[in-house]
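Read the structure below first, then the notes.
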Amino acid sequence: MGLDVAWAERWVRRTAERIAEAKGELTELDRQIGDGDHGENLHRGFQAVVAKLDESGGAERTEVGDVLMVVATTLMSKVGGASGPLYGTAFLRAAKRSARREVDGSGVVVLLEAALEGVTSRGKAEVGEKTMVDALAPAVEAATAASDAGQDPAGVLRAAAEAAEAGAEATVPLVATKGRASYLGERSAGHMDPGSRSSAIILRAAADTAQDVTGTTAP
Amino acid sequence: MGLDVAWAERWVRRTAERIAEAKGELTELDRQIGDGDHGENLHRGFQAVVAKLDESGGAERTEVGDVLMVVATTLMSKVGGASGPLYGTAFLRAAKRSARREVDGSGVVVLLEAALEGVTSRGKAEVGEKTMVDALAPAVEAATAASDAGQDPAGVLRAAAEAAEAGAEATVPLVATKGRASYLGERSAGHMDPGSRSSAIILRAAADTAQDVTGTTAP
Amino acid sequence: MKKLLDDPAEAVVDSLGGFGLAHADLVTVHLDPVHVTRASGPVPGKVGVVSGGGAGHEPLHAGFVGDGMLDAAVPGAVFTSPTPDQILPAIQASDSGAGVLTIVKNYTGDVLNFETAVELAQAEGLQVASVLVNDDVAVEDSLYTAGRRGVAGTVAVEKIAGAAAARGDSLDDVAAVAERVVRGVRSMGVALTACTVPHVGRPSFDLGEDEIEIGIGIHGEPGRHRIPMGPASDITRRLVDPVADDLALEPGERVLLLVNGMGGTPLSELYVVYGRARELLEERAVTVSRSLVGNYVTSLEMQGASVTVLRLDDELETLWDAPVHTAALHW
Amino acid sequence: MKKLLDDPAEAVVDSLGGFGLAHADLVTVHLDPVHVTRASGPVPGKVGVVSGGGAGHEPLHAGFVGDGMLDAAVPGAVFTSPTPDQILPAIQASDSGAGVLTIVKNYTGDVLNFETAVELAQAEGLQVASVLVNDDVAVEDSLYTAGRRGVAGTVAVEKIAGAAAARGDSLDDVAAVAERVVRGVRSMGVALTACTVPHVGRPSFDLGEDEIEIGIGIHGEPGRHRIPMGPASDITRRLVDPVADDLALEPGERVLLLVNGMGGTPLSELYVVYGRARELLEERAVTVSRSLVGNYVTSLEMQGASVTVLRLDDELETLWDAPVHTAALHW
Ligand SMILES: Nc1ncnc2c1ncn2[C@@H]1O[C@H](COP(=O)(O)OP(=O)(O)O)[C@@H](O)[C@H]1O
Ligand SMILES: Nc1ncnc2c1ncn2[C@@H]1O[C@H](COP(=O)(O)OP(=O)(O)O)[C@@H](O)[C@H]1O
Ligand SMILES: [Mg+2]
Ligand SMILES: [Mg+2]
Ligand SMILES: [Mg+2]
Ligand SMILES: [Mg+2]
C-alpha cells in the first residue's frame with residue numbers, strides 16, 4: 001500500500017509536534033556547538049507550516065508533493081539561519097519528485113534522494129563534516145537497501161529513520177568542518193550535531209505516520 | 001604634659017595605618033547604604049597625606065596646626081566625594097585653632113570643637129541625621145566633660161574616641177536624612193554610617209598616640 | 001570581577017588616556033590634575049560651560065566636551081566627585097572673559113567640591129555661575145533627604161546650556177535657560193543588576209535572579225524598593241508615571257523623551273522601553289517631539305535603564321536641535 | 001534571565017517598533033515582512049546598499065540606515081539570518097535603477113538566504129551584486145571551516161560602500177571598493193561573559209568567574225580557547241597581534257582602529273583597550289589615522305570587546321570621512 005497526500009499531511013503535522021517536544025533538546029545541542037537557535041528556528045518554521053495547512057484547507061492538495069511544497073516555501077520564508085534554506089530546498093526537491101497521488105517503497109527512496117541532493121547542492125557538505133548530511137546520507141542508503149529488499153513504504157521509512165538516528169549519534173565524535181560548529185575546531189567534538197538530530201526526528205515522524213496509515217506492524 | 005607637633009605627626013601617620021586596615025570595613029559600610037567608596041576615598045587621602053609629610057620633611061613644621069594644615073589641604077585635593085571637603089574643612093578649622101607648640105586638655109577640646117564646627121558649617125547636618133556628626137558631636141561633649149574634670153590631653157582624647165565609637169554604633173538604627181544614604185529612606189536603617197565610623201577611627205588614633213607620647217596609662 | 005582594565009586604581013586615567021587619543025581633534029586630556037578641555041581652547045566671547053563628577057558614568061561628562069556643549073569636564077575617581085584643585089583649572093581654561101557656568105549634579109560631594117572651586121575662581125576675579133541638576137524623582141526633594149539627585153537629565157541641561165552659550169547668550173542668560181531645563185526635566189531609573197566598582201571588586205548590592213531595583217541612582221546605590229522582575233511594559237510604567245506626574249504634564253504638551261541605558265543593557269532593549277514609554281506618554285496626549293535613546297549617563301556595567309522627560313517649548317527645541325559636535329553626541 | 005522585554009518571541013519586532021518611532025526622520029520600519037528602509041526612499045541614480053543578518057547585534061544593521069550608509073537593513077530573529085522573503089523587498093525598495101549591493105556577513109545561513117533573495121531579485125531584472133564580509137581572524141579561512149566569520153569589520157564595509165554609493169559610483173565600483181575594504185579589514189574578539197538569547201533564557205556558554213574566551217564570534221558561540229582572566233594590556237595584545245599579523249602590516253602604514261564593545265562592557269573599558277591597542281600598533285610603527293570606539297556590532301548583553309583594524313589609503317580615508325547621517329553613526 002502506497003503513501004498518499006493524507007499521509008504527507010499527517011507526517012508534517014506529526015513532525016511539528018515532535019519538533020515542539022524536542023525544541024529544548026535541539027536548542028541545547030545548538031547551544032553547545034552553535035548559537036542555540038536550532039530548536040526555535042525549526043519550531044517557528046513547522047508551526048507556520050501547520051498554520052498554513054490549516055488556513056488553506058486540504059481540498060486543493062491531491063498529491064504528496066503538494067504538501068511538501070507548502071513545507072518547502074514556508075520553511076524557506078519563516079526559518080532563516082542555515083537550516084531554513086537547507087530544509088527548504090530539501091522539501092522543494094522532494095516535492096518535485098513526488099508529484100503523484102501515491103508513493104511506493106522505491107518512490108520513498110526517490111523522495112529521500114532528492115531531499116539529500118537538495119541539501120548538498122546548497123550546503124556543499126559531504127558525509128563526515130558533522131551536519132544534517134550525516135543523518136540524511138545513511139538514511140538514503142538504508143532506504144535503498146530496504147526498498148531493494150522489497151519492503152513496503154513504511155518499512156523503507158523505518159530503515160531510513162533508524163539509519164538517521166544512528167547517523168546523528170555518530171556525529172558526536174566528529175570535528176565539524178561546515179556550519180557554525182566549524183568555528184570551534186577541535187572543541188566541536190563530543191557533541192551531537194543539532195541538524196542531524198532534527199533530520200532524524202523528521203524521518204522518524206515519517207516512519208511512524210507511514211505505519212499508522214498503512215497499518216503495517218513493526219517487524 | 002601637652003601634645004606637640006610630634007604627636008600630631010604620629011597621630012596622622014597612625015590614622016593612615018588604621019584607615020588602611022579599616023578600608024574594607026568602611027567600603028562595606030558605604031556599599032550597604034552609600035556608593036562603596038568611603039574606604040578607598042579616605043585611604044587615598046591619608047596615603048597622600050603621609051607622602052606629603054615624608055616629602056616635605058618635618059623641619060618647617062613647629063606647631064600642631066602645621067601638621068593639621070597639611071592634612072586639610074591634602075584631603076581637600078585628593079579625596080573628593082562628600083567626605084573630602086568635610087574632613088578637609090574639619091582639619092582646616094582645627095589647624096587654625098591649634099597654631100601653637102603645645103595643646104593641653106582644654107586645647108584638645110578647642111581643636112575638636114573647631115573640627116565639628118567645620119563639618120556642620122559645610123554639611124549642614126545635625127545630630128541624628130546619620131552622618132559623621134553623630135560621632136563628632138558626642139566626642140566634643142565627652143571631651144569637654146573630661147577636660148572639665150581635669151583630665152590630661154590623652155584622657156580627653158580617650159573620652160572623645162570612646163564617645164565617637166559609641167556614637168557610630170548609635171547610628172545603626174537611624175534613618176539617614178543627609179548624604180547619599182538619605183536616598184534610601186527607611187532602608188538606610190540597620191546599618192552603621194561609614195563616616196561616623198571613620199571619625200571614630202581618626203579619634204581613636206589620636207587617643208592612642210597621645211597615650212604613647214605622654215606615657216599616660218589607661219585608667 | 002572581570003573588567004578590561006589594568007590596575008583598577010589607574011582605571012580612570014587609563015581610560016581618559018585612550019579617550020584623549022581617540023578624540024584628539026575634539027579634546028585635550030590633562031592628567032595633573034585630571035580634567036578635560038576642548039582641544040581648540042575657549043571660544044572668544046562665548047560663555048564657558050563646565051561640568052564634572054565621579055567617573056563611571058561615561059560618556060558623561062568628557063564625552064560631551066566639544067562644539068555646542070561643554071568646554072571642559074572634570075572626572076573624579078569612580079563614583080567620587082572631583083576635587084576643587086581639578087575643577088578650578090577646568091573653569092579657568094573655559095573662561096574667555098564672558099564668564100563660566102558650572103553644571104553640577106546634586107550630590108553632597110559634588111556640591112561641596114564645586115562650591116569650593118567656584119569660590120576660588122571668583123576670588124581670582126572670574127565670573128562664575130552654577131546650576132544644580134536634580135531630576136531624579138525617585139528621591140523626594142524634602143527636608144529628609146539631601147534633595148533629588150542629578151541623573152540622566154544632566155545630558156539635556158548640558159546640551160541646551162551649551163547651545164545657548166554657542167549662540168552667544170550672556171552668562172546670566174545661559175544660567176537662566178539651564179535653570180529652566182532643570183525645572184522641566186525629571187527622571188526615574190531601574191536596575192536589573194548591580195555594578196561593580198573596580199577597586200571594590202564586588203557588586204554594589206545583591207539582587208536576586210528574579211528581582212529588580214526601582215528608583216536607583218547612578219552610583220550603584222540600591223533603589224527605593226525592590227520588586228519582582230516583570231515585563232518591560234510594567235517596568236516602563238513604573239518609570240514613566242512618576243516622572244509624568246511629578247512634571248504635571250498636561251494634554252497637548254510636547255516633550256523630549258530620553259531612554260538612557262545604565263551601561264550593560266543592549267540597545268535593542270532600550271528601544272523596547274522607548275516604544276512603551278512613548279505609548280504611555282501618548283495615552284496622556286503628550287507629544288514626544290524629540291527623542292534620544294542610548295547609553296549616556298551610565299553606572300559602569302549595570303543592566304537597567306532610566307526614563308527622562310523634558311518639557312519642551314520652541315526655544316528649548318531650537319537649542320536641542322542646534323549643532324553639537326562631541327565624542328558622544330553629534331548632529 | 002532579566003531583560004527589558006515583554007514577550008521574548010516578539011523582542012525583535014518590539015525593539016524595531018521603538019527604533020522606528022525614535023528615528024522616524026531617518027527610517028521606515030516595515031513589519032510584514034520585517035525590514036527597515038530609508039524614510040526618504042531610494043536616491044535617484046544612486047546605487048542602493050543593503051545589509052542584514054540576525055538581530056542581537058544592534059545597532060548593526062538598522063542603526064546604519066540613512067544618508068551615506070545603508071538604504072535598507074534586514075534583521076532576522078535573534079542570531080538567525082533573515083529569510084529571502086524579507087531580503088527581497090529590501091533590495092527592491094533600495095533600487096533606483098542603478099543597482100543594489102548586498103553586504104553579507106559570512107555565515108552559512110546569511111549566505112544561503114541572501115543568495116536566494118539575490119537570485120529572485122535578478123530574476124526580476126534587478127542588477128544586484130554581493131560582497132561577503134569575513135574579517136574574523138579567530139576562524140581560519142580553510143577547507144576545514146565555513147570560512148572566516150563577518151564581525152565588527154562590517155561597520156567599515158557598510159560605511160565606505162555607503163559613501164562610495166553616495167558620491168555616485170557605479171554598482172561595479174561600489175562593489176569593488178567594498179571588496180577592497182573586506183580584503184583590508186581584520187578583527188578579533190574576547191568575551192568576559194556569555195550572553196543570553198531571549199527565547200533560550202540561559203547563557204550561551206558557561207564561563208568561570210576567572211576565565212575569558214578568546215576568539216569569540218558575535219552569536220554567543222564559544223571562542224577558540226579559554227584562558228584565565230588577565231589585565232587589559234595582555235588581553236589587548238591577544239587581539240591586536242593576530243589581527244596585525246594576518247594583515248601583514250608594515251611600518252609606515254596607516255589604519256583605522258575600531259574598538260568595538262560586545263554590548264555589556266562600559267565605554268570606559270573600551271577606551272582602555274583602545275589606548276593599549278594603539279600603543280601596540282605604534283610599536284609596529286603603524287599610524288592610527290582614524291578611530292572609532294563604541295558598541296557597534298554587539299552580541300546582546302555580552303561583556304567583552306573586539307579589535308578591528310582596516311588598512312587605509314587616501315581613498316578609503318576620504319570615504320570614511322564622508323558625511324554619514326544614521327541613528328548610530330553620525331558625522
Ligand atoms: N553547509 C551545510 N550543509 C549541511 N548542513 C549544514 C550546513 N551548515 C549548517 N548545517 C546544518 O544546520 C544546522 C544548524 O542550523 P541552525 O542552528 O538552524 O542555523 P544556524 O547555524 O544559522 O544558527 C547544523 O547543525 C547543521 O546540521
Ligand atoms: N551633609 C553631611 N554632613 C556631614 N556628613 C556628611 C554629610 N553628607 C555625607 N556625610 C558623611 O560622608 C560620608 C560618606 O563619605 P564618602 O563615601 O567618602 O562620600 P560620598 O558620599 O560622596 O561617596 C557619610 O557616611 C557621612 O558620614
Ligand atoms: Mg543555530
Ligand atoms: Mg561614598
Ligand atoms: Mg562617592
Ligand atoms: Mg542562528
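Reminder, nothing fancy here: chain letters follow the sequence lines and each chain counts from 1. What you are looking at is a predicted structure, and each value in this text was computed from that prediction instead of being measured.
In terms of non-hydrogen atom pairs under 4.5 Å with chain B, the most contact-rich of C/Gly220, C/Ser204, C/Gly76 is C/Ser204. Ranking B/Asp30, B/Leu184, B/Val175 against chain C, the residue ahead of the rest is B/Leu184, based on heavy-atom pairs under 4.5 Å. In terms of heavy-atom pairs under 4.5 angstrom with chain C, the leader among B/Gly84, B/Gly81, B/Ala176 is B/Gly81. Considering only heavy-atom pairs separated by less than 4.5 Å from chain B, the leading option among C/Asp206, C/Val197, C/Asp110, C/Asp136 is C/Asp206. Between chain C and the residues B/Lys124, B/Gln32, B/Glu28, the most heavy-atom pairs under 4.5 angstrom are made by B/Glu28. Contacts with chain C were tallied for B/Gly185, B/Ala181, B/Gly123, B/Gly179; B/Gly179 has the most, counting heavy-atom pairs under 4.5 Å. Most heavy-atom pairs under 4.5 Å with chain C, from the set B/Gly88, B/Ser77, B/Gly36: that is B/Ser77. Interface remark: of the candidates B/Arg44, B/Lys178, B/Arg187, B/Arg187 forms the most heavy-atom pairs closer than 4.5 Å to chain C. When each of C/Thr108, C/Asn113, C/Thr116 is checked for heavy-atom pairs under 4.5 Å with chain B, C/Asn113 comes out on top.
Each of B/Val127, B/Asp193, B/Leu86, B/Thr171 was evaluated against B/Val133; a single residue qualifies, B/Val127, per the side chain to side chain contact (heavy atoms under 4.5 Å, CB included) test.
A side-chain N or O of C/Thr102 and one of C/Ser130 form a donor-acceptor pair less than 3.5 Å apart. Judged purely by distance below 3.5 Å, without hydrogens or angles, the side chains of B/Asp134 and B/Ser196 never pair a donor atom with an acceptor atom. Remark: the B/Ser56 side chain and the B/Arg61 side chain contain an N/O donor-acceptor pair separated by less than 3.5 Å. Using modelled atom types, one finds a donor on one side chain and an acceptor on the other under 3.5 Å when comparing B/Arg93 with B/Ser121.
Contacts between B/Ala125 and chain C at a heavy-atom distance below 4.5 Å are absent for every atom of the residue. Only the side chain of B/Thr27 comes within less than 4.5 Å of a heavy atom in chain C; its backbone stays farther off. Using a 4.5 Å cut-off between heavy atoms, C/Phe205 touches chain B through its backbone atoms (N, CA, C, O) alone. Interface remark: B/Glu186 contributes no atoms to any contact with chain C (heavy atom separation under 4.5 Å). For B/Val79, the part lying under 4.5 angstrom from a heavy atom of chain C is the backbone only.
With rounding to the nearest 0.5 Å, the separation of OG1 in B/Thr120 from CD in B/Glu129 is 11.0 Å.
Classification of the C/His219-C/His57 ring pair by plane angle, with boundaries at 30° and 60°, yields perpendicular. Aromatic ring pairs are classed by plane angle as parallel below 30°, tilted from 30° to 60° and perpendicular above 60°; the pair B/Tyr87 and B/Phe91 is tilted.
Scanning for salt bridge (charged side-chain N to carboxylate O under 4.0 Å, His left out) contacts around C/Lys2 gives an empty result, with sequence neighbours left out.
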